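All values below were derived from every heavy atom in this structure, side-chain atoms included, with hydrogens, water molecules and symmetry-related copies excluded. The model shown is predicted, which means the values in this text are computed figures rather than measured ones.
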Amino acid sequence: MVLSGSILVDLGGRCALRPGSITIRAGRIASVRFHRPPARRAAADGLGESILLPGFIDAHLHVPQFDSIGQSGLTLLDWLSTTIFPAEARWADPRFAAAMARRIARQLLSFGTTGVVAYATVHRSAAMAALRAFGSAG
């Protein structure tokens with residue numbers, strides 16, 4: 001597979017976009033080429049040229065709390081008691097944790113997030129099931 005567009009590059013502390021292409025073979029980057037852009041033509045979707053970026057990294061993700069993102073309007077202790085602690089208690093079931101982790105991995109990948117620093121709960125078997133689920137998602 002060859003992806004073409006503007007590639008985000010690091011120029012020693014500042015970023016720039018350079019036209020080029022990235023060749024993918026067997027799920028890995030095989031080559032990156034920078035070249036002059038081809039003659040511009042109208043894109044069928046009206047969006048124009050693609051920007052090729054490295055994968056995003058989420059450096060602080062509480063996986064059991066993922067479905068609670070954006071829920072607010074309560075004081076901290078009320079929010080923890082009514083929303084977060086029940087969400088984390090469901091992780092006593094490793095099958096639930098694995099299914100949730102698979103769903104979250106698919107969702108994160110769809111947004112371009114390719115790596116996470118993920119936090120689980122005190123439920124060891126559920127945390128291990130979630131790690132396996134994330135691992136199998138690639």
Are [Y] and [X] linked, directly or through intermediate hydrophobic residues, by side-chain heavy-atom contacts shorter than 4.5 Å (ILVMFWY only)?
| X | Y | result |
| --- | --- | --- |
| Val63 | Phe56 | no |
| Ile57 | Ile104 | no |
| Leu11 | Leu52 | yes |
| Val116 | Leu131 | no |
| Leu109 | Ile69 | no |

Shortest non-hydrogen contact between [X] and [Y], atoms and distance:
| X | Y | result |
| --- | --- | --- |
| Ala30 | Arg25 | CB-NH1, 3.3 Å |
| Ala133 | Ala98 | CB-O, 3.7 Å |
| Leu17 | Ser6 | CB-CB, 4.0 Å |
| Ala127 | Ala120 | CB-CB, 3.7 Å |
| Phe96 | Arg90 | CD2-O, 3.5 Å |
| Pro64 | Ala87 | O-CB, 3.6 Å |

Roughly how far, to the nearest 0.5 Å, is the [atom2] atom of [Y] from the [atom1] atom of [X]?
| X | Y | atom1 | atom2 | answer |
| --- | --- | --- | --- | --- |
| Ser68 | His62 | OG | NE2 | 11.5 Å |
| Leu74 | Thr82 | CG | OG1 | 5.0 Å |
| Arg18 | Phe34 | CZ | CZ | 5.0 Å |
| Glu88 | His123 | CD | NE2 | 8.5 Å |
| Leu53 | Leu8 | CG | CG | 5.5 Å |
| Trp79 | Ile84 | CH2 | CD1 | 3.5 Å |

Practice problem: Taking atom types as modelled, find out whether Asp78 and Ser81 have a side-chain donor-acceptor pair closer than 3.5 angstrom. | Solution: no
Quiz item: Is a salt bridge present between Asp67 and Arg103, judged by a nitrogen-to-oxygen distance below 4.0 Å?
Solution: yes
Quiz item: Going by the angle between their ring planes, with limits at 30° and 60°, are His60 and Tyr119 parallel, tilted or perpendicular?
Solution: tilted
Practice problem: Please step through side-chain contact (heavy atoms from CB on, under 4.5 Å) for the pair Ile22 and Val2, ending with a clear verdict. | Solution: CA-CA 6 Å; Ile22 299 173; Val2 177; over 6 Å; no
Quiz item: Heavy atoms, side chains only, cut-off 4.5 Å: are Leu108 and Phe134 in contact?
Solution: yes
Quiz item: Considering residues, nucleotides and ligands other than Ile29, do more than 12 of their heavy atoms fall under 6.0 Å from its CD1?
Solution: no
